[in-house]
Amino acid sequence: MKDGASAQLWSALLLAAALIAAPWRGHIDDVDAQLYLVLVRHLGQAHNWIDLQYLPGLLPHFREHLPFGFWPGAAAFRIFGEWAVAPAYGLMTWLSIAVAARVSTRLAGPWAGVATAIALGTCESIWQYGGRVLLEPPLFLLTTLSIDAVLRDRPDFRLASFWAALAVLVKGPFGLLPLACVVMGLGPRYFLRGALASLVAVVPLAAFLEWDRRHGSSWWNGYLRDQLLASATGQRADGVTRWWFPLAVIAGRFWPGLPFTLAGAFRSNRWARPLAIACLLVAVLLCLPHRKWGNHSYVSFPLLAILAGLSASSLIEKLPRILLPALAALAWILSVAGLGKRVLQPPCVVHGELAEHVNRVARGEEICVVAPTTDWLTIGELAAERDLLPFPRSSLPAGSGAPRYALVHSGTEVGGEWRTVGRAGDWLFVER
């Protein structure tokens, strides 16, 4: 890099790192992240790297997602301890930003790389969730590496297939989506090699599922049939069913990069048209599954940021050289000071008003969560943050086998051997 672009890129990456780390100083209530932390903890404690286990009384054999995306967290857990799990996922998000910047630098020069790092690193959906135990961080990294291998003058389809295969093992079809769309954007000249690379990328997952089918069909039924196929065909009722929902997510959450992505499609750079086609295809294909979630659309963000870098490069080059280093330094000061917690939702009662009561429950002890429907957030809080064994019930259990403590949603009758010792919001803390 020349003309100071290298220093500006590092400043942009340091800014992104500060933003990713900022929420760690607060308390995060995130159903998926808390559930996944428990899965990672159990992987790290066990000798089995395949059987995902949540709680004895709830999803004792978790099959919603494949185990491979949780391996980095389990490895960090085993080597360094549980404190390192979230930073491991944050590091993968940060590396994804760096790889996307490298792609833009190769396609349109060093200032395009800086612009891409800013567009992706300052996107709230990236930095707010990038340091949590979620599947998106490894998915971002592997899919961005896969498109990095083909967005070259001489595409390396074998390397692209390797990275895409790992991405597919993390999150199924979403791991293949960016590569397939980039290949289609590059034109018919690359269709055959791209199709072959995509086909090879699916082989490891297919082999795993076939092996599982021959040994009990746990993943074959739980993941392939009940998750992938049910989500695609509408057999699952959860999620969002509006066909245009992924477009709304991209339009509403990919900021500040979205205007530059739209402008990038009209740049004279020879890579602009293939990238624009790829971005459009990703957005359209994300609309096809019947069941959708907002985070499903995030897989498109690195590709959108690369296109944004093409159009924003000239603007970024004109900025005062001191601006990005100053912003990075300020972001780190605010992050270390703990101001990142201000972007988070107020903690639930388990970490707030009822914390003194919940702290009386010994680690590894059962606690009943009584509510009309399964309260995943409360259960996840108890399991992830307190290392307890919560289990859902619609009414308070009785008898010698009942636990000593329970959290009860207001409106539930409390009597007999149970007495209320704490109250906050819609919850009661009761004991026998």
Once rounded to the nearest 0.5 Å, what's the spacing between atom [atom1] of [X] and atom [atom2] of [Y]?
X	Y	atom1	atom2	value
L224	F208	CG	CZ	11.0 Å
H351	H27	NE2	NE2	4.5 Å
S410	W427	OG	CH2	8.5 Å
I250	F245	CD1	CZ	11.0 Å
W111	S314	CH2	OG	11.5 Å
T143	L179	OG1	CG	9.5 Å

Residue pair Q34, D32: steps toward the side chain to side chain donor-acceptor pair (under 3.5 Å) verdict: CA-CA 5 Å; Q34 290 169 330; D32 285 346; over 6 Å; no
Test side chain to side chain donor-acceptor pair (under 3.5 Å) applied to R291 and Q235, step by step: CA-CA 9 Å; R291 172 178 174 264; Q235 297 177 36; over 6 Å; no
So does [X] have more than 12 non-hydrogen atoms from other groups sitting under 6.0 Å from [atom1]?
X	atom1	answer
W10	CH2	no
R78	CZ	yes
L315	CG	yes
R273	CZ	no
R342	CZ	no
F191	CZ	yes

Can we say [X] and [Y] salt-bridge, meaning some charged N sits less than 4.0 Å from an Asp/Glu carboxylate O?
X	Y	answer
D148	R106	yes
R423	E353	no
R41	E82	yes

Candidate pair L324 and I118, rule side-chain contact (heavy atoms from CB on, under 4.5 Å), full reasoning: CA-CA 9 Å; L324 275 179; I118 295 172; 3.8 Å; yes
Trace of the side-chain contact (heavy atoms from CB on, under 4.5 Å) decision for D30 with L35: CA-CA 8 Å; D30 184 321; L35 190 156; over 6 Å; no
Partner of E381 under side-chain contact (heavy atoms from CB on, under 4.5 Å), chosen from V31, V350, V369, D375: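 Only one of V31, V350, V369, D375 forms a side-chain contact (heavy atoms from CB on, under 4.5 Å) with E381, namely V350.
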If only atom types and distance count, is the side chain of [X] paired as donor or acceptor with the main-chain N or O of [Y] below 3.5 Å?
X	Y	answer
R25	A21	no
H290	A232	no
T412	V408	no
S300	S297	yes
W332	L14	yes

Check: F140 ring centre within less than 6.0 Å of Y298 ring centre: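 Ring centres of Y298 and F140 not closer than 6.0 Å.
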Ring center gap for F174 and H296 short of 6.0 angstrom: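 That pair passes the under 6.0 Å test.
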Within the structure provided, determine whether [X] and [Y] are in side-chain contact (heavy-atom separation under 4.5 Å).
X	Y	result
L142	M92	no
C368	F391	yes
P289	S231	no

Steps toward side-chain contact (heavy atoms from CB on, under 4.5 Å) verdict (C181, L285): CA-CA 9 Å; C181 292; L285 293 177; 3.7 Å; yes
Should the pair [X] and [Y] be assigned to parallel (<30°), tilted (30 to 60°) or perpendicular (>60°) ring geometry?
X	Y	answer
F62	H65	tilted
Y54	W376	parallel
W71	W49	perpendicular
H357	F429	parallel

Test item: side-chain donor near acceptor, N221 and R63, under 3.5 Å: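 No, no side-chain donor-acceptor pair sits under 3.5 Å.
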Distance under 6.0 Å and angle within 45° of ring axis: R225 vs W220: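 No.
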Candidate pair W255 and C123, rule side-chain contact (heavy atoms from CB on, under 4.5 Å), full reasoning: CA-CA 5 Å; W255 290 86; C123 176; over 6 Å; no
